[in-house]
Q: 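The structure is given below, and queries will be raised subsequently.
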Amino acid sequence: MTRDRKRRGLRRGFTTGACATAAAAAAFEALASGVFPDPVTIRLPGGETPSFPLARKALGDGWAEAGVVKDAGDDPDVTHGALILARVERGGPGIAFRAGAGVGTVMRPGLPIPPGEPAINPVPRRMIEDALGGADVVVTLSIPGGAELAKRTLNERLGIVGGLSILGTTGIVVPYSCGAWIAAIRAGVDVARAAGHDHLAACTGRTSERAVRARLNLPETAMIDMGDFAGGLFKVLRKTPVARLTLAGGFAKLAKLAQGETNLHSGASRVDMAWLGGLLADLGGDGSGAETGAGMLAIARRDGLPLGDRVAALARGVAASHLPAHTDVEVLVVDREGEVVGHA
């Protein structure tokens, strides 16, 4: 409840799809009338009608261009502050979409947009089509600096090259929402399945991913960045199951999974130190002096006790309980240096 109250106090923002729609609507009106609406008002899928000030306006012979600066509210979005440009030119029939500088192109199957198409997701496409009323035009979307920003996203792994994606299903960014991360997990699984992979590795972070890549000969497209959202991963894999799943993560995060938690974020769950101390006691150790999970692990390693293996086995059981019976689950527990300290 405390987290919910904090989240309600945060300012919401708008997706790249909403900003692109606003820019396209403004450019289209200027192309038709010679005047840019500023601010420009659009309708979101949920019925909201926000207005956006224009950051750029340009008008030429047979074309118009408008730009909107993305405001992600209080969410730490990589595209917050980015300029979303839409250039509208007469064309047809219907609306054709093109990727300008900084907007990626889909190069692998498995995503909702086929290979060769601009990385403009279906909902933003529909939003733009609705805003333009089915006109005969070419819409080119650009994001200056988008290719550099895309290096901080999962686009390259998903097979989106050259820049960012135009995303959003509601048009609204909810601060610190797990929805975007779970959507990325779903996209990663879809791309992996389309590539024919039936063994996926899901990792909580870069350290555990490096450990997996050193241990298993898996291609990059089989690697899933699940972050803290084990439950989101399990939900996706129940609908699109795989034959084998390797889960890898730090000791504390997988200890929480072993306890039965599926949201591994520090704000959502905690390591039960008494429970963890009980596991160590069952192995013949004494963790009474440990104040953290890492401290408990250090005691176990000092005394040669397989606490990491025990946590891995319990985490594997929890994961298996959330997945189809035919999915073979492997768990790797790593320490902060990336050394595997537990396996099941």
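Residue numbers start at 1 and run along the sequence shown.
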Q: Count the heavy atoms of every other residue, nucleotide or ligand shown that sit under 6.0 Å from CD of E148, and state whether that count exceeds 12.
A: no

Q: I need the R90 CZ to F28 CZ distance, nearest 0.5 Å.
A: 9.0 Å

Q: Between the side chains of R310 and D282, is the shortest nitrogen-to-carboxylate-oxygen separation below 4.0 Å, so that they form an ion pair?
A: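 Answer for the salt bridge query: no.
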
Q: So L164 and T16, side-chain contact (heavy atoms from CB on, under 4.5 Å) or not? Walk me through it.
A: CA-CA 10 Å; L164 295 161; T16 49; over 6 Å; no

Q: Kindly indicate whether the side chain of R87, heavy atoms from C-beta on, has any atom under 4.5 Å from the side chain of S142.
A: no

Q: Which heavy-atom pair separates A312 from V333 by the least distance, and what is that distance?
A: CB-CG2, 3.8 Å

Q: Are the side chain of Q259 and the backbone N or O of D272 linked by a donor-acceptor pair below 3.5 Å?
A: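 Looks like yes, one N/O pair under 3.5 Å.
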
Q: Hydrophobic cluster membership, with links at side-chain heavy-atom distances under 4.5 Å among I/L/V/M/F/W/Y: are I166 and L154 in one?
A: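 They do not share one cluster, since no chain of ILVMFWY contacts under 4.5 Å joins I166 to L154.
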
Q: Does the S165 side chain pair with the main chain of L167, one donor and one acceptor, at a distance under 3.5 Å?
A: no

Q: With distance as the sole test, does R126 use its side chain to make a donor-acceptor pair with the main-chain N or O of P45 at under 3.5 Å?
A: no

Q: Looking at T41, is its backbone amide N or carbonyl O close enough to the side chain of S51 to form a donor-acceptor pair, meaning the two atoms are under 3.5 Å apart?
A: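 Side chain of S51 to backbone of T41: no pair is present.
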
Q: Going through the checks in order, is the side-chain contact (heavy atoms from CB on, under 4.5 Å) test met by E129 and F97?
A: CA-CA 10 Å; E129 289 166 350; F97 291 95; 3.8 Å; yes

Q: Do other residues, nucleotides or ligands put more than 12 heavy atoms under 6.0 Å from M107 CE?
A: no

Q: Decide whether I224 and F229 are clustered together by the hydrophobic rule: side chain heavy atoms of Ile, Leu, Val, Met, Phe, Trp, Tyr closer than 4.5 Å, transitively.
A: yes

Q: Considering all heavy atoms of both residues, which atom of L158 and which atom of L111 are nearest to each other, and what is their separation?
A: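 Minimum heavy-atom separation between L158 and L111: O-CD1, 3.7 Å.
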
Q: Counting C-beta onward and ignoring hydrogens, is there a side-chain heavy-atom pair between P53 and D38 closer than 4.5 Å?
A: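 P53 vs D38: side chains touch.
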
Q: Among the clusters formed by ILVMFWY side chains lying less than 4.5 Å apart, do V331 and V271 turn up in the same one?
A: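 Yes, because V331 and V271 connect within a single hydrophobic cluster, where side-chain heavy atoms sit under 4.5 Å apart.
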
Q: Got a second to check how far R206's CZ is from R210's CZ, nearest 0.5 Å?
A: 8.0 Å

Q: Using 0.5 Å steps for rounding, measure from the CG atom of L297 to the CZ atom of R336.
A: 9.5 Å

Q: Scan side-chain atoms only and decide if K253 and T204 contain a donor-acceptor pair under the 3.5 Å cut-off.
A: no

Q: For the residue pair G110 and D190, what are the closest heavy atoms and their distance?
A: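 For G110 and D190, the tightest heavy-atom pair comes out as O-CB, 3.1 Å.
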
Q: Is there a side-chain contact between F251 and L276, using heavy atoms and a 4.5 Å cut-off?
A: yes

Q: Enter the distance from L237:CG to R193:CZ here, rounded to the nearest 0.5 Å.
A: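 One finds 9.0 Å between CG of L237 and CZ of R193.
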
Q: Give a yes or no answer on whether the side chain of R316 reaches the backbone of H343 with a donor-acceptor pair at less than 3.5 Å.
A: no

Q: Around K57, counting heavy atoms of other residues, nucleotides and ligands shown, do more than 12 lie under 6.0 Å from its NZ?
A: yes

Q: Can you tell me if W181 uses its side chain to pair, donor with acceptor, with the backbone of D225 under 3.5 Å?
A: yes

Q: Looking at H265, is its backbone amide N or carbonyl O close enough to the side chain of N263 to form a donor-acceptor pair, meaning the two atoms are under 3.5 Å apart?
A: yes

Q: Would one find more than 12 heavy atoms of other residues, nucleotides or ligands at under 6.0 Å from atom CD of E156?
A: no

Q: Considering only heavy atoms from C-beta outward, does the side chain of V334 approach that of V341 to under 4.5 Å?
A: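 Contact flag for V334/V341 side chains = no.
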
Q: Are D71 and F52 close enough that some pair of their side-chain heavy atoms sits under 4.5 Å apart?
A: no

Q: Counting neighbours of CZ on R157 that are heavy atoms of other residues, nucleotides or ligands and sit closer than 6.0 Å, is the number greater than 12?
A: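 For R157, atom CZ is crowded (more than 12 foreign heavy atoms under 6.0 Å).
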
Q: Start with the C-alpha gap between L233 and L247, add the side-chain angles, then the distance that decides, and say whether side-chain contact (heavy atoms from CB on, under 4.5 Å) holds.
A: CA-CA 10 Å; L233 173 75; L247 281 174; 3.7 Å; yes

Q: Look at the side chain of R186 and the backbone N and O of V236, then say whether any donor-acceptor pair between them is shorter than 3.5 Å.
A: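 Looks like no, no N/O pair under 3.5 Å.
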
Q: According to a hydrophobic-cluster definition based on side-chain heavy atoms being under 4.5 Å apart (Ile, Leu, Val, Met, Phe, Trp, Tyr only), do L132 and L85 belong together?
A: no

Q: Tell me, do D286 and I299 make a side-chain contact under 4.5 Å, heavy atoms counted?
A: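 Of all side-chain heavy-atom pairs linking I299 with D286, none is under 4.5 Å.
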
Q: Can you check whether I160's main-chain N or O pairs, donor with acceptor, with N155's side chain at less than 3.5 Å?
A: no

Q: Give the cluster check for I84 versus V139: same hydrophobic cluster or not, with ILVMFWY residues linked at side-chain heavy-atom distances below 4.5 Å.
A: yes

Q: For a 4.5 angstrom cut-off between non-hydrogen side-chain atoms, does R244 reach V329?
A: no

Q: Locate the shortest heavy-atom distance separating L283 from L305; write the atom from each residue and the value.
A: O-CD2, 3.3 Å

Q: So which atom in A72 and which in V173 form the shortest heavy-atom distance, rounded to 0.1 Å?
A: O-CG1, 3.9 Å

Q: So I128 and L141, do their side chains get closer than 4.5 Å, heavy atoms only?
A: yes

Q: May I ask you to check whether over 12 heavy atoms, not counting those of R12, lie within 6.0 Å of atom CZ?
A: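 Result for CZ/R12: open.
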
Q: How about R125: does its CZ atom have over 12 heavy atoms from other parts shown lying under 6.0 Å from it?
A: yes

Q: Rounded to the nearest 0.5 Å, what's the gap from NZ on K70 to OG1 on T15? Could you check?
A: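 Going from NZ on K70 over to OG1 on T15, the span is 6.5 Å.
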
Q: CZ of R213 to CE of M223: how many Å apart, nearest 0.5 Å?
A: 5.5 Å

Q: Are any side-chain N or O atoms of K256 and backbone N or O atoms of L264, one a donor and one an acceptor, separated by less than 3.5 Å?
A: yes

Q: Check M127 against T21 and note the closest heavy-atom contact, atom names and distance.
A: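 Of all heavy-atom pairs spanning M127 and T21, the closest is CB-OG1, 3.4 Å.
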
Q: Should I143 and L83 be marked as a side-chain contact (heavy atoms from CB on, under 4.5 Å) after you check the CA-CA gap, both sets of side-chain angles, and the distance that decides it?
A: CA-CA 6 Å; I143 304 176; L83 179 63; over 6 Å; no

Q: Should we count CZ of R43 as having more than 12 external heavy atoms under 6.0 Å?
A: no

